[in-house]
Amino acid sequence: MSVHSDQVCEWRSPEQLKELLDLELRDKGESESRVLQYCRDAIKYSVKTTHPRFFNQLYAGMDPYSMVGSFITEAITTSLYTYEVAPVFTLMEDTLLRKMIEMIGWDEGGDGIFNPGGSMSNMYAVNLARYRYCPDIKEVGLFAAKRLVILTSQEGHYSISKGAALLGIGTKNVYIVSSDKRGKMIPSALEEKIKLAKSEGAVPFMVNATAGTTVLGAFDPIEEIADICEKYNLWLHVDVRSYIHSPTNNVSLLCLLCLLRVNSVAWNLHKMLMVPLQCSAFLVRDKTSLLQHCHSARATYLFQQDKFYDVSYDTGDKSVQCGRKPDAFKFWLMWKALGTTQLEQIVDRAIAMARYLAQEIKKREEFQLVIEVAPVVKERMMKKGSMMIGYQAHGDKPNFFRMVVISPQVSREDLNFVLDEIHNLGQDL
């Protein structure tokens with residue numbers, strides 16, 4: 001039986017925490033004993049995201065091998081822009097990207113780059129898709145193109161709109177496509193929005209599909225969306241929340257088969273696979289160095305072409321960043337230690353636990369799929385520190401708890417505790 005005496009969080013208000021923590025920065029350094037106490041306080045009052053009853057975000061738990069990898073990369077302190085400064089990590093990133101491209105099924109190969117998170121990966125997709133449509137925009141700017149339109153579902157991640165704002169496309173030029181009750185994009189609605197944009201004189205150039213939406217966990221019908229994108233010559237990007245191929249996980253298998261036809265993929269490794277933040281990969285099915293051409297600035301002090309080694313391993317010019325952490329090492333070390341089979345088992349177990357929780361909810365009369373008292377119960381659980389679950393409204397539904405079951409430490413006892421605790425915290429409401 002799983003027993004946990006420690007709390008998920010020791011909740012304090014901002015005013016209380018300012019009193020408890022010595023936040024002032026002084027002219028002179030302080031003693032090692034004081035510095036050690038500051039470290040203890042930081043740990044004590046932080047949310048324990050590795051606790052098995054932390055369900056608040058789309059990441060949880062901690063893999064010890066990737067944690068060691070994270071420590072090593074911090075200790076070595078190198079940046080991943082050239083082979084000469086990061087020879088080991090450059091080769092590891094290349095190996096991982098090739099392996100992930102192989103898993104997707106792009107037999108002719110592809111390209112990619114690791115970056116801080118899924119939002120950044122999605123922005124890479126927007127920029128690359130725009131560059132593919134209008135290469136002159138890199139030098140001439142927005143004057144080189146007509147009004148461009150991105151299409152994404154109402155369940156798609158907000159980073160698409162952020163990317164449109166950042167890149168000068170404009171949030172009003174992100175056309176929202178309707179989803180069905182399960183949260184999946186409706187292909188016919190997508191085609192209608194494409195026709196609408198064209199009738200307005202705009203140029204739709206990219207569709208963002210999602211494999212595992214943030215709230216409902218829905219998988220867009222990528223095969224049908226791919227048909228439409230090919231019909232209208234649109235870049236198809238898929239935002240993959242996080243998974244690894246598992247022969248017993250039919251949803252992931254179907255998703256992988258559909259990814260064969262997409263142009264790019266955002267694969268977030270610091271979520272379900274528990275690689276420490278931050279670690280995400282952007283993959284593109286392109287062999288023409290599109291990623292390089294789109295982002296290259298040809299900094300002569302870094303990317304000299306007359307070096308004594310193969311400069312194709314100097315990958316920094318593919319990135320919008322200059323300094324870039326060797327995040328791939330964390331995942332490489334974890335994969336080495338566990339193997340593909342055990343990574344698959346992590347995903348399978350998370351799905352099994354989620355299905356168990358759904359079955360238990362159906363058995364309890366006091367629970368509904370949507371519950372209006374979520375904010376009050378959330379406040380009580382946070383102040384008690386017993387567990388942490390996020391909530392939100394959705395469409396015409398009032399606030400409800402969004403259960404994210406990822407950590408392999410989660411047991412059936414933990415999930416039963418969740419239901420009992422919600423009931424106990426809210427039974428007077």
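For reference, positions follow the sequence shown, starting with 1.
Here the side chains of Val320 and Met120 are in contact, with some heavy-atom distance below 4.5 Å. Counting heavy atoms from C-beta outward, Val265 and Trp106 have side chains that approach closer than 4.5 Å.
Counting non-hydrogen atoms of neighbouring residues, nucleotides and ligands closer than 6.0 angstrom, the NZ atom of Lys193 exceeds 12 such neighbours.
Scanning all heavy atoms of the two residues, the minimum distance from Lys318 to Gly112 falls at NZ-O, 3.2 Å. Shown here for Ile150 and Ala164, the closest heavy-atom pair between the two residues is CD1-CB, 4.3 Å.
Using a 4.0 Å cut-off between charged side-chain N and carboxylate O, Lys18 and Glu15 make no salt bridge. Taking 4.0 Å as the cut-off between side-chain N and carboxylate O, Arg324 and Glu93 count as a salt-bridged pair. The pair Lys330-Asp327 meets the salt-bridge criterion, with a side-chain N (NZ, NE, NH1 or NH2) lying under 4.0 Å from an Asp/Glu carboxylate O.
Glu155 and Ser153 are not linked by any side-chain donor-acceptor pair at a separation below 3.5 angstrom, with hydrogens and angles left out of the test.
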| request: For Tyr309 and Asp314, run side-chain hydrogen bond (donor to acceptor under 3.5 Å, both in side chains): C-alpha distance rounded to whole Å, both residues' side-chain angles, the deciding distance at 0.1 Å, then the answer. | output: CA-CA 10 Å; Tyr309 60 85; Asp314 288 356; 2.9 Å; yes
| field | Step-by-step side-chain hydrogen bond (donor to acceptor under 3.5 Å, both in side chains) determination, Tyr124 to Ser319 | value | CA-CA 9 Å; Tyr124 267 111; Ser319 170; 3.2 Å; yes
| request: Test side-chain hydrogen bond (donor to acceptor under 3.5 Å, both in side chains) on Asn127 and His295 and set out the steps. | output: CA-CA 9 Å; Asn127 201 36; His295 300 119; 3.1 Å; yes
| task | Walk me through it: do Glu74 and Lys325 pass the test salt bridge (charged side-chain N to carboxylate O under 4.0 Å, His left out)? | result | CA-CA 9 Å; Glu74 292 297 324; Lys325 286 180 174 289; 2.6 Å; yes
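In this pair, Trp335 and Phe331 present their aromatic rings tilted. The plane angle is within the 30 to 60° band.
Partner of His237 under the side-chain hydrogen bond (donor to acceptor under 3.5 Å, both in side chains) criterion, chosen from Asn122, Thr152, Thr210, Asn263: Asn122.
A distance-only check finds no donor-acceptor pair linking the side chain of Gln342 to the backbone of Gly339 [under 3.5 Å]. A donor-acceptor contact shorter than 3.5 Å is absent between the side chain of Asp111 and the backbone of Asp286.
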